[in-house]
Amino acid sequence: MLDAHYGVAMTGGVLNAINYRLSAQEIAFILDHGEAKVLIVDKEYGALALEALYNAKAQPIVIGIDDPEYVGGELIGEMEYEAFLKTGDPNFEWHWPKTNGKRSRSTTRAARRKSEGVVFHNRGAYLLALGNVIAASIRAHPVYLWSLPMFHCNGWCFTWTISVVAGTHVCLRRVNAATMFSACARYGVTHMCGAPIIMSMLVNATDAERKTLKTKVEFMTAAAPPPAATLARMEGAGFQVHHVYGLTETYGPAVVNAWHSEWDAHPMEERARIKARQGVRYPVLEALAVKDPDTMRDVLRTARRWARSFSAATS
């Protein structure tokens with residue numbers, strides 16, 4: 001998947017990373033709507049892909065991945081992935097993608113309602129990839145553990161972010177407490193991203209699964225804010241949680257909880273309440289507004305509302 005985030009762009013193609021949790025019918029719709037030319041399939045999902053292809057009108061070239069770490073499955077396709085790579089021309093001259101050219105396409109579960117999904121262009125992906133560096137305070141040579149699926153907004157564009165700063169991508173065949181703690185301890189992981197379910201796996205790890213970490217791991221999470229108890233247990237296990245929010249349409253994270261060092265002195269409950277508020281826009285985000293759905297006028301920011309109320313009360 002990580003290879004494809006670079007190779008497809010270098011050919012001028014559009015990458016459509018497919019959620020393997022979707023049904024065969026949903027995947028068939030994605031293949032047809034995206035006019036798929038090539039389908040790369042891990043053998044774990046060979047049977048699912050065959051059913052999707054049976055239901056699709058598209059007839060892409062199928063390349064099968066025979067990962068030795070997975071036992072079983074069904075290897076399909078005209079060619080195996082490693083053999084396919086050997087057919088490449090080492091002298092191939094690729095060209096930088098066009099600024100507003102299509103980079104990738106993302107489709108959510110709304111595919112069952114015949115959604116068109118979201119198309120990322122190169123400029124947007126470039127901006128968000130750099131925005132992650134700034135918003136997540138990533139220094140050169142980070143070690144990033146992939147616990148966030150790359151089919152979620154292209155891994156929130158961290159697929160490109162980590163390479164920009166000459167980082168190391170650590171990939172997992174299975175995401176669970178044991179594999180995450182083992183990878184963190186073995187490779188000195190510095191950064192991770194994930195939904196609340198990933199935090200649940202980490203804080204509920206058994207003593208046998210838990211490892212002592214070499215360094216503090218910066219963990220970016222989205223969706224529902226983590227409760228105080230979860231934050232406390234994450235910090236105790238060696239993770240520093242940062243709360244962000246975004247949409248597929250914004251290439252992933254667009255706003256972040258910009259933490260102030262003086263807040264570290266607050267009790268855990270208060271820190272959790274503050275951390276749940278995310279709304280500081282990424283530096284690469286040009287504008288951010290909260291609108292009244294009826295009037296479409298900007299909703300006043302909290303400080304401005306407070307100032308206006310205080311002025312009215314004292315006048």
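Being a predicted model, the structure only gives us computed values, none of them experimental. In this chain, residues are counted from 1 in sequence order.
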Determine the minimum heavy-atom distance between [X] and [Y], stating which atoms define it.
{"X": "L288", "Y": "V255", "value": "CD2-CG1, 3.5 Å"}
{"X": "K216", "Y": "E235", "value": "NZ-O, 4.1 Å"}
{"X": "K211", "Y": "F181", "value": "N-CD2, 3.5 Å"}
{"X": "T248", "Y": "C153", "value": "CA-SG, 3.5 Å"}
{"X": "Q278", "Y": "V244", "value": "CG-C, 3.8 Å"}

Main-chain N/O of [Y] paired with [X] side-chain donor or acceptor, under 3.5 Å:
{"X": "Y6", "Y": "T159", "result": "yes"}
{"X": "K275", "Y": "P226", "result": "no"}
{"X": "T168", "Y": "V143", "result": "no"}
{"X": "H152", "Y": "L148", "result": "no"}
{"X": "T250", "Y": "G246", "result": "no"}
{"X": "S147", "Y": "C193", "result": "yes"}
{"X": "D292", "Y": "R297", "result": "no"}
{"X": "E80", "Y": "D66", "result": "yes"}
{"X": "N257", "Y": "I274", "result": "yes"}

Does a side-chain heavy-atom distance below 4.5 Å link [X] with [Y]?
{"X": "I76", "Y": "L50", "result": "yes"}
{"X": "W259", "Y": "H243", "result": "no"}
{"X": "W160", "Y": "N154", "result": "yes"}

Handout entry: Evaluation steps, salt bridge (charged side-chain N to carboxylate O under 4.0 Å, His left out), between E26 and R21
Key = CA-CA 10 Å; E26 289 170 317; R21 300 177 187 133; over 6 Å; no
Handout entry: Verify same cluster id: Y251, V133 (apolar side-chain graph, 4.5 Å)
Key =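 Linked, Y251 and V133 end up in one cluster.
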Practice task
Consider only side-chain heavy atoms of I, L, V, M, F, W and Y, link residues closer than 4.5 Å, and tell whether M180 and W146 are in one cluster.
Solution key: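 No, M180 does not connect to W146 through the hydrophobic network.
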Exercise for the section: Determine, step by step, whether F219 and H242 satisfy the side-chain contact (heavy atoms from CB on, under 4.5 Å) criterion, reporting the C-alpha distance in whole Å, the side-chain angles of both residues, the deciding distance to 0.1 Å, and the verdict. Expected result: CA-CA 6 Å; F219 188 99; H242 304 277; over 6 Å; no
Handout entry: Heavy-atom neighbours of E286 CD exceed 12 at 6.0 Å
Key =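 No - once you tally the heavy atoms of other residues, nucleotides and ligands closer than 6.0 Å, there are 12 at most.
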Problem - Polar contact flag, side-chain donor to acceptor under 3.5 angstrom, H33-R105 - result: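 Their side chains do contain a donor-acceptor pair, which is all the 3.5 Å distance test asks for.
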Practice task
Quick one: pull up CG in N122 and NZ in K98 and give me the separation to the nearest 0.5 Å.
Solution key: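 The distance works out to 10.5 Å.
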